[in-house]
Amino acid sequence: MSQNTQLMSEEQLDFIREMMNIGAGNAVTALQQLLQCPVDLIIPKVHVLPTVKLSSVLDNPASLVACVRMGMVGDIGGAMFFIVPEESRKKLVSIAEEALLGLNKLPWQKSEEVGLSVVVEIGNILSGVYLTAIHDFCGLNIYHTVPVLAIDMIQPLLDEALIKTSIQIQTAVLIENELVIEEHHIRTLLLIVPSAESVKPMIDALGQAKKAYGSA
Amino acid sequence: MVQHKITIKMGEGAVNSAPQIISSQGIGSCVVVTIYDPRRKMGGMAHIMLPDSNGLNGQHPPYHYADTAIITLLGKLYSRGALLQDIVAKMIGGAQMFICSDDSGPGIGKQNVSSVRRILGRELITLSGEEVGGSYGRNVEFYLDSGKVIVKTAGKKEDVEL
């Protein structure tokens with residue numbers, strides 16, 4: 001994948017990681033408000049990698065996940081995926097049930113539905129804070145479209161996005177978030193896959209931002 | 001001979017003979033094509049990603065595209081002694097995983113399915129079974145002793161035998 005290393009320098013990769021770390025800090029407040037309990041966010045691991053390598057990062061293509069897909073529009077096009085593994089989803093749903101059902105007393109609504117809507121909402125919050133961080137650093141305006149939830153095996157959920165980018169070498173950003181809520185560790189992934197046309201504007205904006213901020 | 005299971009990933013293909021099993025996991029908008037010669041008990045599978053290699057010059061992985069994947073599988077089977085008049089094909093996949101109201105035009109899954117159908121027709125191969133469309137992922141096992149194909153989902157529906 002030598003093309004990829006040419007596409008982005010190690011410095012630029014570091015800069016992206018730094019940007020995402022700052023984004024994560026902003027997520028905590030929003031999550032605490034939503035879940036009505038203290039939330040800790042462990043410093044996220046940020047991978048910047050070519051899309052062709054993604055399938056090897058997903059250790060088991062058939063593992064069950066909840067996945068929220070959002071389109072990206074604006075200065076950068078493409079798609080974002082918020083992914084919660086099955087085990088984490090169950091924990092998250094039970095925390096959400098306690099927080100929301102206790103608060104709103106909605107006995108008529110299926111608690112599972114409430115829990116899943118919380119998964120969508122957390123996806124919304126996390127993608128929102130990262131997009132804001134990108135905006136603040138790079139001056140890029142990126143909006144996401146209405147999130148759509150699906151629960152299935154991970155590879156089918158992602159394959160369309162991977163296929164579209166498989167023709168050219170292309171970069172994706174994978175952010176591993178770990179939330180700590182009431183002693184439960186909840187692992188989530190946020191995958192950002194810019195479209196082919198968006199790679200150049202993204203790299204240009206990163207270059208500009210790096211000059212403005214100096215070495216991050 | 002001991003029965004072995006060969007697993008292929010997205011964009012890969014394999015050809016083998018009885019009693020082997022060829023499998024692939026996590027099929028979404030991709031299409032898996034199985035081609036089988038029941039007389040010689042041999043067959044091949046490809047996990048195809050895109051409908052057409054049109055406009056791509058030079059080298060590209062053959063199993064990525066429906067047209068080149070099917071031709072490659074057929075070539076390998078013919079060279080092992082398979083005969084056109086005995087060959088049957090099956091296809092699995094072509095789902096649309098996220099259903100959004102703002103989607104315009106047919107998704108990549110539908111395009112893959114119609115492309116595979118067209119190419120099999122052009123190559124005079126009988127399509128003897130299919131499990132396509134919907135909005136769920138699939139796993140596939142292809143038994144080369146019988147030509148049987150088992151399609152499983154992540155609890156979305158009952159297993160299907162083709």
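To find a chain, count down the sequence lines: A is the first, B the second, and so on, and within it residues start at 1.
- Of all the listed residues (B:C30, B:G11, B:A95), the one sharing the greatest number of non-hydrogen pairs under 4.5 Å with chain A is B:C30.
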Tell me which donor-acceptor pairs under 3.5 Å the side chains of residues 67-74 of chain B have, and how far apart each pair is, sequence neighbours excluded?
unit_1: B:D67; atom_1: OD1; unit_2: B:S53; atom_2: N; d: 3.3
unit_1: B:D67; atom_1: OD1; unit_2: B:S53; atom_2: OG; d: 3.4
unit_1: B:D67; atom_1: OD2; unit_2: B:S53; atom_2: N; d: 3.4
unit_1: B:D67; atom_1: OD2; unit_2: B:S53; atom_2: OG; d: 2.9
unit_1: B:T68; atom_1: OG1; unit_2: B:P62; atom_2: O; d: 2.8
unit_1: B:T68; atom_1: OG1; unit_2: B:Y65; atom_2: O; d: 3.4
unit_1: B:T72; atom_1: OG1; unit_2: B:T68; atom_2: O; d: 2.5

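- Here CG of B:N112 is found 9.0 Å from CG of A:D159. Values are rounded to the nearest 0.5 Å.
- Between A:P156 and B:G28, the closest heavy-atom pair is CB-CA, 3.5 Å.
- In terms of heavy atoms, B:M49 sits closest to A:I163 at O-CD1, 3.4 Å.
- At most 12 heavy atoms of other shown residues, nucleotides or ligands fall within 6.0 angstrom of atom CD in B:E158.
- Heavy atoms of A:L64 lying under 4.5 Å from chain B belong exclusively to its side chain.
- With respect to chain A, the highest number of heavy-atom pairs below 4.5 Å among B:A154, B:S29, B:S135 belongs to B:S29.
- Taking both residues in full, the closest heavy atoms of A:D152 and B:Y136 are given as OD2-CA, 3.2 Å, listed atom of the first, atom of the second, then distance.
- Both the backbone and the side chain of B:I108 come within contact range of chain A, each with at least one heavy atom under 4.5 Å from a heavy atom of that chain.
- Residues in residues 144-154 of chain B take part in no side chain to side chain donor-acceptor pair (under 3.5 Å) pair, two or more places apart or across chains.
- B:K110 NZ: 12 or fewer foreign heavy atoms inside a 6.0 Å radius.
- Other residues, nucleotides and ligands contribute at most 12 non-hydrogen atoms within 6.0 Å of the CD atom of A:E87.
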Item to check | Verdict with reasoning, A:Q155 to B:M10, per side-chain contact (heavy atoms from CB on, under 4.5 Å) | outcome: CA-CA 9 Å; A:Q155 185 174 282; B:M10 206 199 290; 3.5 Å; yes
